[in-house]
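Chain letters run A, B, ... following the sequence lines, proteins first and then strands; every chain starts at 1.
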Number of protein chains: 2
Amino acid sequence: MAAFFGTYTNKVDKKGRVSVPARFRAAIAGSAYPGVLLAPNEEVGAIDGSDFERLNQVIEGLDDPELYDDEAMAQAHETLAMVQEFPVDGDGRMVLSQEFRDFAGITEEAVFTGIGSTFQIWSPDRRNDHRTSGGRTGSSLASMRVPRRKDV
Amino acid sequence: MAAFFGTYTNKVDKKGRVSVPARFRAAIAGSAYPGVLLAPNEEVGAIDGSDFERLNQVIEGLDDPELYDDEAMAQAHETLAMVQEFPVDGDGRMVLSQEFRDFAGITEEAVFTGIGSTFQIWSPDRRNDHRTSGGRTGSSLASMRVPRRKDV
DNA sequence: TGGATTATCATGGAACTTTATGGGCGTCAA
DNA sequence: TTGACGCCCATAAAGTTCCATGATAATCCA
């Protein structure tokens, strides 16, 4: 499974091109398709990203009645309808569409944040606001719990 | 699972390179990726470290609705966004980024402390302050508890 | 068992590779 | 033809590998 983590800030040139962080590229390497999948995240005003493998898992999950009730299903459909494919070129860059840049308020720079099996793309300002708001006290890697191994 | 313990002090050269203690390298040997994962620990002003296996466990846990509510998830995302990957070279060294050195106040030397399934990296001064403050009386290996074995 | 030999480790420097970034050039379609 | 787009090239900075050395620790053996 692709694992995305860390924060990277890259320039967006006048063509709308931006380098996908090398570590993220490595995470999606070997995937069936050399690119990423992006969708607006309306909750936070950023862009969500993932690879094909993750999307396939999500799609499979839709068939599980325990995961989705009617309301959640309708919402999931809306989200899937917003997903777009962005190829990554030979130099490791993709072209962020004007539509998505406008949505996320991205102009000169884009901030990539890895959050596990997916990642997000932010404008620097919004990223800062989001990070400093919410009053989250510093968590730490050492304090994060892992699922207790189930003895079967 | 990787087990980290003991304290080691190593030099940081002008490129920011520092040897990972051989015992720690042995602990992560066999991991899918020859490197360590580091994240700032804002509570104590040091750097938390772990291996890939541990991070993957954490990431898998994120899909478990019983482990994370919305608030805990937001916090977990913040932590993951701070995690960075540091490859360990053939000589057993990694390059501590300027950002992380600044955060932890590390200049010439770095102190590695193993604390179980993760480890920490300190500036010598902060390490000293932290150890001597807090009034923690000496615990002992003999007094430490272990989980009761479950009969299955 | 004392001393010699062999690993392993931490450290320094140099050479090499990758990454992020900017620009150019042809193609296709509106 | 004027963008939008894909593709290729150039380059500086950063990251990574390679080689050398002294110090310490482990091993061997007569």
query: Any donor-acceptor pair under 3.5 Å between the side chain of B/D89 and the base of D/dC18?
result: no
Any base atoms under 4.0 Å from B/R23, or only sugar-phosphate, or nothing? Heavy atoms, all strands. nothing
Check: B/F112 ring centroid to B/Y8 ring centroid under 6.0 Å:
no
To the nearest angstrom, the CG-P distance between A/L96 and D/dA4 comes to 15 Å
Whole-Å distance, A/F24 CZ to C/dT19 P, equals 14 Å
Assert: residue with more 5' nearest nucleotide on DNA chain C, out of A/V20 and B/R17, is B/R17
SB check A/K15 A/D13 (cutoff 4.0 Å) | no
message = Does A/D70 have more than 12 heavy atoms from other residues, nucleotides or ligands lying within 6.0 Å of its CG?
response = no
5'-most contact on DNA chain D (nearest-nucleotide basis), A/P87 vs B/V95, goes to A/P87
To the nearest angstrom, the OH-P distance between B/Y8 and D/dT24 comes to 17 Å
Side-chain donor/acceptor contact of A/D91 with base of D/dC9 under 3.5 Å: yes
### NZ/NE/NH1/NH2 to OD/OE distance under 4.0 Å, B/E109 and B/R126
no
Among C/dA10, C/dG23, D/dT16, the one nearest any side-chain atom of A/K14 is C/dG23
Check whether the side chain of A/R93 and the base of C/dG22 form a donor-acceptor pair under 3.5 Å.
yes
With the side chain defined as heavy atoms from C-beta on, B/N10 is closest, among D/dT16, C/dT11, D/dG6, to C/dT11
* Asked: Counting any heavy atom closer than 4.0 Å, what does B/K15 reach on the DNA or RNA strands: base, sugar-phosphate only, or nothing?
  -> base
Side-chain contact check for A/R25: nearest option of C/dT11, C/dA20, D/dT16 is C/dA20
Ranking C/dA10, D/dG6, C/dT21 by distance to the side chain of A/K11, first place goes to C/dT21
Taken to the nearest whole Å, CD/A/E109 to C1'/C/dT21 is 12 Å
In whole angstroms, the gap separating P of C/dT19 from CD of B/E85 amounts to 12 Å
In whole angstroms, the gap separating C1' of C/dG13 from CG of B/D13 amounts to 9 Å
Does the side-chain contact (heavy atoms from CB on, under 4.5 Å) test come out yes or no for A/R131 and A/T113, once each step is laid out? CA-CA 11 Å; A/R131 193 169 58 81; A/T113 61; over 6 Å; no
